[in-house]
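Predicted, not measured: the structure shown is a model, and the values here were computed from it.
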Amino acid sequence: MMNFAKITITEKGADFLRGGHVWVYEGEVISVAGTQSGNVCTPMADALNCTNTQPIDGELVNVFSQKGKYLGTGFYNSHSKIRIRIVSKNANDRFDEEFWTRKLRWAIEYRRRVMGTDFSCCRLIFGEADAFPGLTVDRFGDVLVTEVLSLGMERMKSTIYTSLLRLLREEFDVPIRVLYERNESPLRKLEGMEIGSGAWKGEGLSDPADGVCTILENGIEYEVDYKNGQKTGFFLDQKYNRAAIRRIAAGARVLDCFTHTGSFALNAAQAGASHVTAVDISADALAVAKRNAARNGLSDRMDFVCADVFDYLEQAEKAPVFDYDLIILDPPAFTKSRDTLRNAIKGYREINRRAMKLLHRGSYLATCSCSHFMTQTYFRQMIHNAAEDAGIGLRQIEARQQSPDHPILWNVPETDYLKFFIFQIV
């Protein structure tokens, strides 16, 4: 076992880790026995350096139960409510460059197998689900876009990025020309990190001024603005959910709400919808959606409306000229904490009720939530209540989740966040 600082936690915290979770919260820490170290990933063989000082934030520490049982090793941060983020529960691991390379190889091999031909455009690293807590890496062809939300990963990122580039280029024959960091989330401040974005400078990497690349998904070309678009520039988690609505979009009049850059709308149009109306409050996002429609030769069957979706649905409900066969609701996360969950449920219920009231018997509704705090139980109950409010019945066609490049760890519920349902109105 590496000679890192020793953290003793409560039995409740120990049970949490033994049950498969990978976080230790601040309230579970009982005692800290520090070790002076020079580098997070360098083996510390000299036991004589042991002191009673606190470990350095972002440093690896060993976690023990009150009975002295080793539970795992993870990144420590005294500024965070998540005090320790576990990266390994194997006491024999040595946290050197080879360790991180091995973990990266597992993550990439997994994506290559489960994504098949979609490996060229997918999420390569999904934080805790890949034992890289707080790290996201999305691949758009020869462009990588990253986000770091934990201090431990911030300290390790140079080692990880260098190994990732080498693996992709040498072992997987994937040439990468750009690695761009989107570290703009306010969560970084809670971890004691600065906010910012920019190209990471490494061997063979460049920084194109426009920050735009082109990807192919479900046979549709998209413009991805990885410097200025939301999150990393494109929402990869809905890849197969977008394909799922194609089967019911042929010949339909479709309304795509919260369209962003038009992904659901474009899938519906390419599948043969008679007409698609795409609505979003962002004029910039709609401009990209229009260019995507033109790029794919679909402009003649689509129109784009810059409006607040809540207002648009309210107006549509009052205007009998609106008649849709399929409505798609893909809103942003209405809640990012338990504190705002009640208001979020009200928002989800309102847009679903309004959409349901616009749909005639035999038509279809696709609806989803990307908030972890809006659990399956809450989301299903909300849909049930919205249908009751609208005075309609629902026949479930499909219940789906995020694509497998965003894997779900059953013992880490935070990795299970996307709910997606397709219904027929009956």
Side-chain angles (χ1 to χ4, degrees), residues 41 96-127 129-150 152-185 196-218 220-237 239 261 263 288 295 403-407:
C41 60
D96 51 13
E97 185 177 345
E98 198 283 326
F99 167 81
W100 298 107
T101 299
R102 182 172 69 250
K103 283 158 55 66
L104 286 167
R105 186 181 291 110
W106 289 342
I108 298 169
E109 284 281 12
Y110 166 80
R111 268 70 180 187
R112 187 169 66 170
R113 181 171 294 274
V114 302
M115 299 306 291
T117 57
D118 291 321
F119 176 61
S120 63
C121 182
C122 69
R123 177 153 294 183
L124 292 180
I125 304 293
F126 183 44
D130 291 298
F132 287 90
L135 175 64
T136 294
V137 180
D138 283 347
R139 178 190 173 193
F140 304 117
D142 58 1
V143 174
L144 299 181
V145 185
T146 70
E147 182 181 43
V148 178
L149 297 179
S150 72
M153 280 291 107
E154 181 73 15
R155 292 188 62 177
M156 286 303 309
K157 71 181 183 182
S158 291
T159 296
I160 290 170
Y161 291 168
T162 300
S163 295
L164 177 61
L165 290 167
R166 185 177 64 252
L167 281 172
L168 288 171
R169 289 166 172 170
E170 297 178 4
E171 295 189 21
F172 295 88
D173 195 27
V174 175
I176 299 296
R177 64 182 176 89
V178 176
L179 193 159
Y180 197 81
E181 297 185 283
R182 293 290 302 269
N183 293 327
E184 301 156 1
S185 171
S197 62
W200 189 75
K201 294 177 174 58
E203 184 179 353
L205 297 177
S206 62
D207 181 17
D210 60 359
V212 174
C213 63
T214 302
I215 63 170
L216 183 69
E217 180 192 275
N218 298 337
I220 299 173
E221 284 192 1
Y222 295 93
E223 171 187 313
V224 175
D225 185 347
Y226 58 83
K227 287 189 177 182
N228 302 302
Q230 290 187 32
K231 297 291 187 178
T232 60
F234 192 77
F235 296 105
L236 294 166
D237 51 4
K239 182 189 302 283
T261 55
S263 53
V288 177
R295 181 190 296 273
S403 55
D405 53 338
H406 298 63

Do [X] and [Y] come close enough that some side-chain heavy atom pair is under 4.5 Å?
{"X": "Cys122", "Y": "Arg112", "value": "no"}
{"X": "Val178", "Y": "Ser206", "value": "yes"}
{"X": "Leu164", "Y": "Val137", "value": "yes"}
{"X": "Leu168", "Y": "Leu144", "value": "yes"}
{"X": "Phe140", "Y": "Leu236", "value": "yes"}
{"X": "Gln230", "Y": "Phe235", "value": "yes"}
{"X": "Thr261", "Y": "Glu223", "value": "no"}

Could you tell me whether the side chain of [X] and the main chain of [Y] form a donor-acceptor pair under 3.5 Å?
{"X": "Arg169", "Y": "Ile176", "answer": "yes"}
{"X": "Thr232", "Y": "Val145", "answer": "no"}
{"X": "Asp118", "Y": "Glu217", "answer": "no"}
{"X": "Asn183", "Y": "Val148", "answer": "yes"}
{"X": "Tyr226", "Y": "Arg182", "answer": "no"}

So, are [X] and [Y] salt-bridged, with charged N and O less than 4.0 Å apart?
{"X": "Arg123", "Y": "Asp130", "value": "no"}
{"X": "Glu109", "Y": "Arg113", "value": "no"}
{"X": "Glu97", "Y": "Arg166", "value": "yes"}

Passing candidate, side-chain contact (heavy atoms from CB on, under 4.5 Å) with Tyr161, options Leu179, Leu205, Leu104: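 Checked Leu179, Leu205, Leu104 against Tyr161; only one passes side-chain contact (heavy atoms from CB on, under 4.5 Å): Leu179.
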Can you confirm whether more than 12 heavy atoms, excluding those of [X], are under 6.0 Å from its [atom1] atom?
{"X": "Lys157", "atom1": "NZ", "value": "yes"}
{"X": "Asp173", "atom1": "CG", "value": "no"}
{"X": "Glu203", "atom1": "CD", "value": "no"}

So is Arg139 actually on top of Phe119's ring, under 6.0 Å and inside 45° of the axis?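 Cation-pi check for Arg139 and Phe119: passes.
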